[in-house]
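Remarks on the structure that follows.
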Amino acid sequence: MPELPEVTTITSQLKGSVVNKKIKDVIIKDKRLIKAIPPKKFKSKIKGKTIKDILRRGKVLVLKLDQKLFFVIHLRISGWLMLSKKEEQYARVILALSDNKLLNFCDMRALGEIKLVEDWRKLPIIKTMGPEPLEIKKENFIELFKNRKAMIKPLIMDQKFLAGLGNIYAQEALFCAGINPERKASSIKKEKLEKLYDCLISILKTAITKKGSSSNTYRQLDGAQGSYIPLLKVYQREAQPCFRCKTLIKRKVTASRGTYFCPQCQR
DNA sequence: AATGGGACCTGCGCGC
DNA sequence: TGCGCGCAGGTCCCAT
């Protein structure tokens with residue numbers, strides 16, 4: 001799934017449903033997702049613990065348990081969480097909760113991961129993570145791009161540069177701002193960067209309101225799809241007319257990721 | 001410092 | 001129908 005709007009959606013839905021629930025049991029269907037701790041030890045450590053809070057940083061989801069323990073989830077490409085009464089298809093790790101519901105960590109491609117740590121802020125992925133796009137001020141956002149020679153699209157997708165953007169929302173924001181995905185970051189005028197900032201904020205906020213995009217496996221906690229897909233302007237619209245100028249949307253590979261853009265509007 | 005390619009995985013849709 | 005290929009919303013690691 002999971003870019004910032006999707007993980008944000010999961011976070012708020014978990015807050016409303018699993019906080020103060022006790023973990024009665026853990027069912028490990030696929031131990032490959034459990035990182036850096038033997039599955040047996042993993043099980044015994046969290047059994048009986050209570051979920052105290054849900055946190056998010058970038059695309060990382062954190063379940064704060066009692067006794068200074070953090071259950072850290074990264075959904076990677078194809079992971080999603082589902083709270084239900086039964087074991088779901090593609091469930092890899094399942095938490096059986098005290099209200100008899102099952103928190104299913106489903107993942108088609110099994111690339112997601114779970115870590116159990118005493119201090120989640122010490123994880124390398126967290127320590128090196130860039131600012132949150134919905135928290136950084138405009139002037140500080142503009143500053144980030146100074147002297148950066150990388151192409152704009154891979155740069156804003158770099159989690160060390162800016163947290164939470166992935167391949168969908170990066171492309172949508174660049175279309176909105178009229179910036180070619182391969183433009184060198186430092187060559188972009190201040191006004192364009194300001195526009196990019198406004199676009200990012202508005203797209204991310206709207207996507208959160210729509211509870212994410214379900215173009216693939218992503219689901220909300222109850223299994224429903226997110227509803228941002230109809231609002232996408234370029235993503236997966238190859239050879240369809242640009243909504244702004246009717247030029248056909250192109251797809252090309254940039255930094256080994258598929259990239260959709262309007263060759264006319266995005267310079 | 002920055003970029004490119006491969007690895008990790010499974011499943012889908014497409015063309016032949 | 002069956003098969004092979006490209007493609008998929010992420011990140012890390014290595015080589016250059």
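Proteins get letters first, then strands, A, B, ... in listed order; numbering begins at 1 in each.
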#### Entry: Rounded interatomic separation in angstrom, taking CD1 from A:Ile125 and P from C:dG10
12 Å
#### Entry: Rounded distance in Å - OH (A:Tyr90) to P (C:dA8)
19 Å
### Message
Heavy atoms only, 4.0 Å cut-off, all strands: where does A:Gln159 land among base, sugar-phosphate and nothing?
### Response
sugar-phosphate
### Query
Under 4.0 angstrom, heavy atoms only, what part of the nucleic acid is A:Tyr169 near: base, sugar-phosphate, or nothing?
nothing
### Task
Tell me what A:Ala150 touches on the nucleic acid: a base, only sugar-phosphate, or nothing, going by heavy atoms under 4.0 Å.
sugar-phosphate
### Task
Indicate whether OP1 or OP2 belonging to C:dT11 is found under 4.0 Å from a side-chain N or O atom of A:His74.
yes
### Task
Step through it carefully: locate the ring centre of A:Phe161, locate the ring centre of A:Phe145, and say whether they are under 6.0 Å apart.
yes
### Query
For DNA chain B, whose closest nucleotide is more 5', that of A:Asn147 or that of A:Asp107?
A:Asn147
## Note on the structure
Among C:dG10, C:dC12, C:dA8, the one nearest any side-chain atom of A:Arg251 is C:dA8
## Note on the structure
From the candidates B:dC8, C:dT11, B:dT10, the one with an atom nearest any side-chain atom of A:Arg109 is B:dT10
### Message
Can you confirm whether more than 12 heavy atoms, excluding those of A:Lys138, are under 6.0 Å from its NZ atom?
### Response
yes
### Query
Among B:dA2, B:dT10, C:dT11, which nucleotide sits nearest the side chain of A:Arg148?
B:dA2
### Task
Starting from C1' on C:dC7, measure out to CD1 on A:Ile168 and report it in whole angstrom.
14 Å
### Task
To the nearest Å, give me how far apart CG (A:Leu61) and C1' (C:dT11) are.
17 Å
### A:Tyr228/A:Tyr169 aromatic ring centres below 6.0 Å
yes
### Closest nucleotide among B:dC9, C:dG10, B:dG4 to the A:Met151 side chain
B:dG4
### Message
Say we look at C:dC3 and B:dC9: how far apart would their P atoms be, to the nearest angstrom?
### Response
24 Å
#### Entry: Between B:dA2 (C1') and A:Phe145 (CZ): distance, integer Å
17 Å
### Query
Would you say the side chains of A:Ser84 and A:Glu88 form a donor-acceptor pair under 3.5 Å?
yes
### Query
How long is the line joining CD1 of A:Ile77 and P of B:dC12, in whole Å?
16 Å
### Query
Is the shortest distance from a Lys or Arg side-chain nitrogen in A:Lys115 or A:Glu113 to a carboxylate oxygen in the other one below 4.0 Å?
yes
### Proximal nucleotide (of C:dC12, B:dT10, C:dG10) relative to the A:Asn167 side chain
C:dG10
#### Entry: A:Met108, nearest nucleotide to its side chain (from B:dG11, C:dG10, C:dC12)
B:dG11
### Separation between the P atoms of B:dG6 and C:dG6, rounded to whole Å
12 Å
## Note on the structure
Here the distance between atom C1' of C:dC13 and atom NZ of A:Lys160, to the nearest Å, is 11 Å
### Summary
Rounded to whole Å, CD of A:Gln236 lies from P of C:dG6 at a distance of 18 Å
### Query
Who does B:dC9 pair with, Watson-Crick or G-U, both distances under 3.5 Å?
none
### Query
Any side-chain N or O of A:Arg257 under 4.0 Å from OP1/OP2 of B:dG5?
no
### Message
Taking the C1' atom in each of C:dA8 and B:dT3, what is the distance between them to the nearest angstrom?
### Response
22 Å
### Query
Would you say C:dT11 has OP1 or OP2 under 4.0 Å from some side-chain N or O of A:Lys59?
yes
### Message
Looking at A:Lys195 and A:Glu191, is any side-chain nitrogen of the basic one under 4.0 Å from a carboxylate oxygen of the acidic one?
### Response
no
